[in-house]
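What follows is a set of notes on a single structure, which appears directly below.
It should be emphasised that the depicted structure is a prediction, and the values quoted were computed from it without experimental measurement. Proteins come first, then strands; the chains are lettered A, B, ... in the order of their sequence lines, and each starts at number 1.
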Number of protein chains: 2
Amino acid sequence: MTETTTKTYTISELAKEFNVTTRAIRFYEDKGILSPSRDGQKRIYGPRDRILLKLTLRGKRIGFTLAESQKLFDMYQHGEDNKDQLNTMLATLDEKDALLAQQKLDIEEMEAELQAARERCLTAIKKIDNT
Amino acid sequence: MTETTTKTYTISELAKEFNVTTRAIRFYEDKGILSPSRDGQKRIYGPRDRILLKLTLRGKRIGFTLAESQKLFDMYQHGEDNKDQLNTMLATLDEKDALLAQQKLDIEEMEAELQAARERCLTAIKKIDNT
DNA sequence: CTCAAGCTTGACGTTAACGTAAAGGTAAAC
DNA sequence: GTTTACCTTTACGTTAACGTCAAGCTTGAG
């Protein structure tokens with residue numbers, strides 16, 4: 001009764017789902033981020049790969065490099081028994097948190113400026129229309 | 001009584017203030033973002049250059065390319081009379097706003113994950129300490 | 001059988017954003 | 001007058017993150 005088959009994905013399925021190229025996905029494997037199993041030649045991706053891909057792409061959107069993401073994943077997985085490594089990871093996490101905080105400020109300020117620019121645009125357009 | 005002298009900066013002053021290299025600042029000039037005046041050979045930066053530099057760096061922190069920042073600045077300055085250009089700019093602003101909204105979500109989720117990772121770290125360290 | 005669709009592994013090309021010398025002008029300090 | 005500290009231009013080097021062929025396996029449809 002208990003299903004033991006885990007969901008799998010082909011490379012192009014993942015590519016479509018996350019809107020990236022297959023080339024990019026293979027590239028992430030090269031960088032040690034993904035490690036799909038194989039069916040003969042073909043790559044088979046499991047749920048774990050899917051999550052890692054998702055996290056990687058999210059990281060990218062907020063400015064993490066692939067190397068940074070990979071490092072985090074790596075520490076997260078193989079650091080359970082090494083205190084030094086755990087502390088290194090805590091430091092890394094703090095560092096990232098600080099960056100995110102700064103980014104939030106930057107985003108707020110940028111949004112205000114975009115809004116100001118938008119209003120200036122609209123005013124200028126009105127002026128033109130009244131000519 | 002009314003002072004008309006505007007504050008000016010040397011390249012290294014700006015570099016120090018914003019913690020970037022002089023090379024980077026000259027690079028931004030190459031890209032058309034800054035346009036300092038000269039005192040003989042030497043570059044003289046005014047308040048306007050300073051602001052543009054600040055905005056550029058802020059943009060960078062949230063993932064804007066230099067070309068994108070430059071394009072925004074350019075539209076902001078020379079678009080007052082061209083309706084098409086104003087509308088293009090409005091579209092660009094909307095696009096950027098959408099990206100910023102996505103980034104906010106990404107940051108929230110990433111912070112949650114970093115927090116979870118941090119707690120896992122701390123737990124693991126405790127376990128080690130109790131060994 | 002063959003043919004198109006999708007997979008594979010190289011391997012060279014590209015863009016962005018500077019880094020890094022190299023080689024020299026200038027100006028205040030000693 | 002010669003170091004020292006900045007400034008300049010020119011130009012080749014570098015890293016990240018893929019893009020873009022090339023050349024070939026394989027597999028289900030017709």
Between D:dC18 atom C1' and A:Ile33 atom CD1, what is the distance in whole Å? 13 Å
Contact check, residues 48-59 of chain A vs DNA chain D, heavy-atom distance under 4.0 Å, returns none
In chain order, what residues pass the side chain to side chain contact (heavy atoms under 4.5 Å, CB included) check against A:Asp39, with sequence neighbours excluded? A:Ile44
For B:Lys16, check side chain to side chain donor-acceptor pair (under 3.5 Å) against everything at least two apart and list the hits. none
What is the separation between atom CZ on B:Phe18 and atom C1' on C:dA17, rounded to the nearest whole Å? 19 Å
Here the salt bridge (charged side-chain N to carboxylate O under 4.0 Å, His left out) pairs for residues 63-72 of chain B, sequence neighbours left out, are B:Glu68-B:Lys96
Could you check whether any side-chain N or O of A:Asn87 sits under 3.5 Å from a backbone N or O of A:Asp84, counting only pairs where one atom can act as donor and the other as acceptor? no
Decide, yes or no, whether a salt bridge links A:Arg38 with A:Glu29 under the criterion of side-chain N to carboxylate O below 4.0 Å. yes
Send over the distance from A:Asp30 CG to D:dA16 P, rounded to a whole Å. 13 Å
Could you tell me the separation between the CZ atom of B:Arg26 and the C1' atom of C:dG19, rounded to a whole number of Å? 13 Å
Can you tell me the distance, in whole Å, between the CZ atom of B:Phe27 and the C1' atom of C:dT15? 10 Å
Check the interface with nucleotides 20-29 of chain D: list each N/O to N/O pair with the protein under 3.5 Å, or write none.
residue : atom : partner : partner atom : Å
D:dT20  : O4   : A:Arg23 : NE           : 2.9

Is it true that atom CG of B:Asp129 has more than 12 heavy atoms of other residues, nucleotides or ligands lying nearer than 6.0 Å? yes
What nucleotide, of D:dC18, D:dC7, C:dA17, holds the atom closest to the side chain of B:Thr10? D:dC7
Look at the side-chain N and O atoms of A:Lys31 and state whether any lies under 4.0 Å from the OP1 or OP2 oxygen of D:dC18. no
Any donor-acceptor pair under 3.5 Å linking the side chain of A:Arg120 with the backbone of B:Tyr76? yes
Determine all donor-acceptor pairs shorter than 3.5 Å in which one atom belongs to a side chain in residues 105-118 of chain A; sequence neighbours excluded.
residue  : atom : partner  : partner atom : Å
A:Asp106 : OD1  : A:Gln102 : NE2          : 3.0
A:Asp106 : OD1  : B:Arg61  : NE           : 3.4
A:Asp106 : OD1  : B:Arg61  : NH2          : 2.8
A:Asp106 : OD2  : A:Gln102 : NE2          : 3.3
A:Asp106 : OD2  : B:Arg61  : NE           : 2.5
A:Glu109 : OE1  : B:Arg58  : NE           : 3.2
A:Glu109 : OE1  : B:Arg58  : NH2          : 2.3
A:Glu111 : OE1  : B:Lys104 : NZ           : 3.4
A:Glu113 : OE1  : B:Arg58  : NH1          : 3.2
A:Glu113 : OE2  : B:Arg58  : NH1          : 3.0
A:Gln115 : OE1  : A:Arg118 : NE           : 3.2
A:Gln115 : NE2  : A:Glu119 : OE2          : 3.0
A:Arg118 : NH1  : B:Asp94  : OD1          : 2.4
A:Arg118 : NH2  : B:Asp97  : OD2          : 2.6

For D:dC18 and A:Tyr28 - does any side-chain N or O of the residue sit under 4.0 Å from the phosphate oxygens OP1/OP2? yes
Interatomic distance, B:Phe64 CZ vs C:dA17 P [rounded to whole Å]: 13 Å
Protein-nucleotide distance (B:Ile44, atom CD1; D:dC6, atom P), rounded to Å: 16 Å
Considering all heavy atoms, the nearest A:Leu34-A:Leu53 contact: CD2-N, 4.0 Å
Are B:Thr21 and C:dC18 close enough that a side-chain N or O sits under 4.0 Å from OP1 or OP2? no
In whole Å, what is the span from the CG atom of A:Leu34 to the P atom of D:dA17? 14 Å
